[in-house]
Amino acid sequence: MLFEPFRLPSGLELPNRVVVAPMTTYSSRPDGRIDPEELEYLARRARGGFGTVITAACYVSPTGHCFQGQWSCADDATLPSLTSAARAICEGGAVSVLQIHHGGRMCPDHLCGGRGTSASEVPAPRPNASTPRSLTNEEIEELIAAFASAAARAKSAGFHGVEIHGANTYLLQQFVSPHSNRRTDRWGQNRRLFPLRVTEAVLDAVGPGYPVGYRFSPEEAETPGLRWADTEDLVRALIELPLDWLHVSLPRYDRASLVGDFAEPTLARLARTIGRRVPLIGVGGVKTRADAEAVLALGADLVALGRVAISEPEWPIRVAEGLAPRLTIPCADAGSRLTIPTGLERRIYEVKGWFDVDDA
Ligand SMILES: Cc1cc2nc3c(=O)[nH]c(=O)nc-3n(C[C@H](O)[C@H](O)[C@H](O)COP(=O)(O)O)c2cc1C
């Protein structure tokens, strides 16, 4: 099944079920324009047989700029840059998806133009996190419009679809989580309201038949924090919308509840909740064909590869031929050997333990 085409509800056919997971490349120009070496990186993975390439998270507003070298889709000046990325992926033969994002309270002050913003004035539970400013009603409406405009821009740029980044502690998740959302107004009484309004606005902006997906994290470790019940509520609301996929962000595809609420793999539980009403993408620690097939066996329809798509740009072609994929990063020159943009290559070597790097 892994290498057979898969049709999304909108009718778009994916060449196979193997997806490059969204990954920030830390390599764009300071104004968020995509660098040519990032285009090479995308094109090589598309040529390598991945059916779908989801891009790095791209900020929809300068107030959501979260990483050095992050892509921007915040205004029309970014259209040529976005078009070049869509083209690089499509010419390689894959389906192209732009991930749209706002970092909220995770944004460093020097990138987001002042103080970070969020649902409430609660810093992230990590050392030295600064206290964000709580968004006004008017600003919330502006951000909903910014997500919608970014999605329309992705469509104009030639992307086949967009993925709304509602995972990994960023702004949309900050509204769903009781840790970061302490509001008493309607955005706090119904913590799903903001992500649902964003999703509806995005669907409206791109029109029927254009693929839109939504990525989310199922739980948070802190108390109060996001729990399975919150996620189940959100998922039940999302499957009522004409989405083309839901994408769960997990560090291991077979992981059970982070906080011990249940012992079965989260992916299987989610698949049961969704009941095949919307395709599900599974992710997390997939290295081999057996891992990818296990993701499908747990109930996902598509399987995303993150770090291994970096160490093995030809993963689908090699694995389909029965060859072993490269699972580690060479200890030197990974950038030129594996076509990795400079900013990402630097991070891979700097952040110990993130990637499996060969011994020198
Ligand atoms: C370098 C890097 C950058 C990432 N950037 C993003 C991102 O922009 N958006 C996102 O949703 N997840 C991001 N992630 C998380 C991945 O999409 C994926 O969920 C995670 O790496 C687990 O999959 P893996 O074990 O196959 O790497 C990133 C991961 C890595 C390694």
Side-chain angles (χ1 to χ4, degrees), residues 18-28 32 34 38 41-42 45 50 52-60 64-73 85 97-104 106-107 150 162-173 195 213-219 245-255 258 266-267 280-289 291-292 294-295 300 302-313 315-316 319 325-329 334-335 338-357:
V18 193
V19 176
V20 176
M23 282 182 288
T24 296
T25 40
Y26 310 98
S27 299
S28 74
I34 299 160
E38 298 182 273
Y41 156 84
L42 296 169
R45 272 83 196 156
F50 286 92
T52 305
V53 176
I54 307 179
T55 68
C58 197
Y59 59 87
V60 301
H65 187 176
C66 206
F67 319 102
Q68 198 81 47
Q70 185 179 5
W71 294 14
S72 169
C73 53
V97 173
L98 185 76
Q99 192 185 56
I100 55 177
H101 170 250
H102 189 292
M106 303 307 289
C107 297
V162 291
E163 179 173 273
I164 300 167
H165 193 349
N168 302 353
T169 75
Y170 299 115
L171 185 66
L172 271 65
Q173 184 175 323
Y214 189 97
R215 190 174 216 214
F216 59 93
S217 295
E219 294 172 296
W245 67 88
L246 292 177
H247 185 174
V248 61
S249 179
L250 289 168
R252 279 273 330 160
Y253 66 84
D254 54 0
R255 193 172 78 177
L258 174 66
T266 306
L267 194 54
L280 173 62
I281 308 183
V283 72
V286 175
K287 294 182 171 172
T288 62
R289 181 177 188 139
D291 289 326
V295 170
L302 300 164
V303 48
L305 277 64
R307 287 160 296 176
V308 162
I310 293 179
S311 65
E312 180 51 271
W315 193 94
V319 167
R326 177 182 182 97
L327 299 176
T328 58
I329 301 284
L338 301 174
T339 321
I340 303 173
T342 312
L344 178 56
E345 181 195 31
R346 196 177 308 126
R347 294 280 299 212
I348 288 172
Y349 287 132
E350 271 170 13
V351 184
K352 302 293 173 213
W354 195 15
F355 282 72
D356 288 334
V357 178

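Just so it is clear, the model here is predicted, and its values are computed rather than measured. First listed ligand is number 1; within each ligand, the first listed atom is number 1.
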Residues in the immediate environment of ligand 1 (any heavy atom closer than 4.0 angstrom) | Ala21, Pro22, Met23, Thr24, Ala57, Gln99, His165, Asn168, Arg215, Val283, Gly284, Gly285, Leu305, Gly306, Arg307, Leu344, Trp354, Phe355
Please list, chain by chain and in numerical order, all residues satisfying side-chain contact (heavy atoms from CB on, under 4.5 Å) with Pro313, sequence neighbours excluded.
->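 In terms of side-chain contact (heavy atoms from CB on, under 4.5 Å), with neighbours along the sequence ignored, Pro313 is linked to Arg44, Arg45, Leu338.
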Parallel under 30°, tilted from 30 to 60°, perpendicular over 60°: which one fits the rings of Tyr26 and Phe67?
-> perpendicular
Between Ser311 (side chain) and Ile329 (backbone), is there a donor-acceptor pair under 3.5 Å?
->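 Such a contact is absent between Ser311 side chain and Ile329 backbone.
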Counting distance only, does the side-chain N/O of Ser249 pair as donor-acceptor with the main-chain N or O of Ser217 below 3.5 Å?
->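 No; judged by distance alone, with no hydrogens or angles, the pair does not exist.
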Salt bridge (Lys or Arg N to Asp or Glu O under 4.0 Å) filter on Arg347, not counting sequence neighbours, yields none
Taking only residues two or more places apart in sequence or in another chain, which ones pass salt bridge (Lys or Arg N to Asp or Glu O under 4.0 Å) with Arg252?
->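 Arg252 satisfies salt bridge (Lys or Arg N to Asp or Glu O under 4.0 Å) with Asp254 once adjacent residues are dropped.
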